[in-house]
Number of protein chains: 2
Amino acid sequence: MRSPDELVALFRENGRKVTPQRECIFHLLHNNRTHPTAESIHAEVVKRMPSVSLKTVYQTLHELEDMGEISGLDLGTGSVRFDPNQSVHHHLVCTNCHTVGDIYLEIDSLQLASKVLQGFEVGNAEVTFRGLCSDCKRLGNLI
Amino acid sequence: MRSPDELVALFRENGRKVTPQRECIFHLLHNNRTHPTAESIHAEVVKRMPSVSLKTVYQTLHELEDMGEISGLDLGTGSVRFDPNQSVHHHLVCTNCHTVGDIYLEIDSLQLASKVLQGFEVGNAEVTFRGLCSDCKRLGNLI
DNA sequence: CAGTTAGATAACAATTCCTGTAAGTTAAGC
DNA sequence: GCTTAACTTACAGGAATTGTTATCTAACTG
C-alpha cells in the first residue's frame, strides 16, 4: 500500500473525496502487518474519532481493495482480514489464537503443467499454512 | 469418505443414530465432487424429503466432519463447502461463478526451512488457486 | 469565497450464513 | 413393546457484512 499522502492524492485523482475518517484509516493501515479485520480497524478509528461507523470503515477498506492498495483475505478465521502488504507472500494462520503471520516462499511447483489445469486460467495462488504460532506452541507445551 | 453403508455401520458403532435423513445425506455426498454447501445439500435433500430442516443438514455435515469423513472448506465463496474427497489435494476456485475444482500437486517447496517459520508449527498447507474456470473463460472471450 | 453538488457519512434496518434452545419424535437396545 | 438418549424441527438469536436513506461535507464553480 502507498503512503497516506500518496493515497490522498490518488483518491482525489480518482474523483473520490478525502475525509478525515479516510485519512485516519490510511494512517492506521500504513505499515500495518497485523492483518486487521474491519472491526479491529474500527476499534482504533473510534479511539480518535468516536462517531465513525463501522460501515464507513468497511466502505473505505473496500475502496482501497478495489484500487489494489490492500487485499482482503478470507483465511477462515470468521471475518475478512485486510493486508496492505502487496508483495507476493503467503500466510501462516494459527489454529489456536487466529493470528496471521507472513511467509515468503518461492514455489516452483506452482508453475503448473497445463494438463492438470484443464482449461482453468490461474489468476493467483495462495498458500495457507495452518498450525500453531510460536506463542501458542510454547503454551501448549506448558499445559 | 466411506460408502453410505459403511457410514451407517460407523454411525451405529459410534452410538449415533441412523435416520432416513442422514442416509439421504450420505448418498448425496457419496462420490460428490461438486464441493457442495450445506444449502445445496439441503436443496437436494428436500426434493426427496420435503420436511428436512437446514439445521439437520448442518448437524449431520458437522458430525461427518468431526468423524473425519468430510472436510469443511472456507474458500472465501461466502459459505463453507463440504468435501468428501479426503485424499490430499488442493483447490481451483473460479472468481466468476465460484465453482470449485480439485487439483493434485506435489509441492516439494512446502517442506519449509525452519528459519522462515520462526517457531510456527505447520499442521497442514492448503493451496488455493483463484482464476477463471474453463466455462467462464470461454464465455469471457465471447463477450 | 459563498453556492452547488457529487459523493461521503451515520444511523438504522436488513441480509446471509450459521448456531442455540426447547419441545416433540424416533431409533436402538433391552 | 418400552425406555431413553439421541435426533428433528421450528424458531429465535448472533456475528459479519451490506442496503437504505437522510444528512452532511469536500471540492469544484462562478
Starting at atom [atom1] of [X], determine the distance to atom [atom2] of [N], rounded to an integer number of angstrom.
| X | N | atom1 | atom2 | value |
| --- | --- | --- | --- | --- |
| A:Phe11 | D:dT25 | CZ | C1' | 16 Å |
| A:Glu13 | D:dA27 | CD | C1' | 15 Å |
| A:Glu23 | C:dT9 | CD | C1' | 15 Å |
| B:Glu63 | D:dA5 | CD | P | 17 Å |
| B:Phe82 | C:dC17 | CZ | P | 13 Å |
| B:Tyr58 | D:dA10 | OH | P | 17 Å |
| A:His42 | C:dT9 | NE2 | C1' | 12 Å |
| B:Arg12 | D:dC7 | CZ | P | 12 Å |

Could you say whether B:Lys17 or B:Leu54 is positioned toward the 5' end of DNA chain C, judged by the nucleotide with the nearest heavy atom to each? B:Leu54
Please determine whether a side-chain nitrogen or oxygen atom of [X] lies at a distance below 4.0 Å from atom OP1 or OP2 of [N].
| X | N | result |
| --- | --- | --- |
| B:Thr19 | D:dT8 | yes |
| B:Arg22 | D:dC7 | yes |
| B:Ser51 | D:dT9 | yes |
| B:Thr56 | D:dT9 | yes |
| B:Arg16 | D:dA6 | no |
| B:Gln21 | D:dT9 | yes |
| A:His62 | D:dT18 | yes |

Measure the shortest side-chain to side-chain distance between A:Gln59 and A:Arg22 over non-hydrogen atoms and say whether it is less than 4.5 angstrom. yes
Side-chain heavy atoms of B:Leu75 within contact of B:His35, under 4.5 Å: no
Backbone N/O of [Y] and side chain of [X]: donor-acceptor pair under 3.5 Å:
| X | Y | result |
| --- | --- | --- |
| B:His42 | B:Tyr58 | no |
| A:His89 | A:Asp102 | no |
| A:Glu69 | A:Arg2 | yes |

Under 4.0 Å, heavy atoms only, any strand: does A:Ser79 hit a base, just the sugar-phosphate, or nothing?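 Counting heavy atoms under 4.0 Å across all strands, the contact made by A:Ser79 is with sugar-phosphate only.
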Of the candidates C:dA8, D:dA10, D:dA16, the side chain of B:Ser53 sits closest to D:dA10
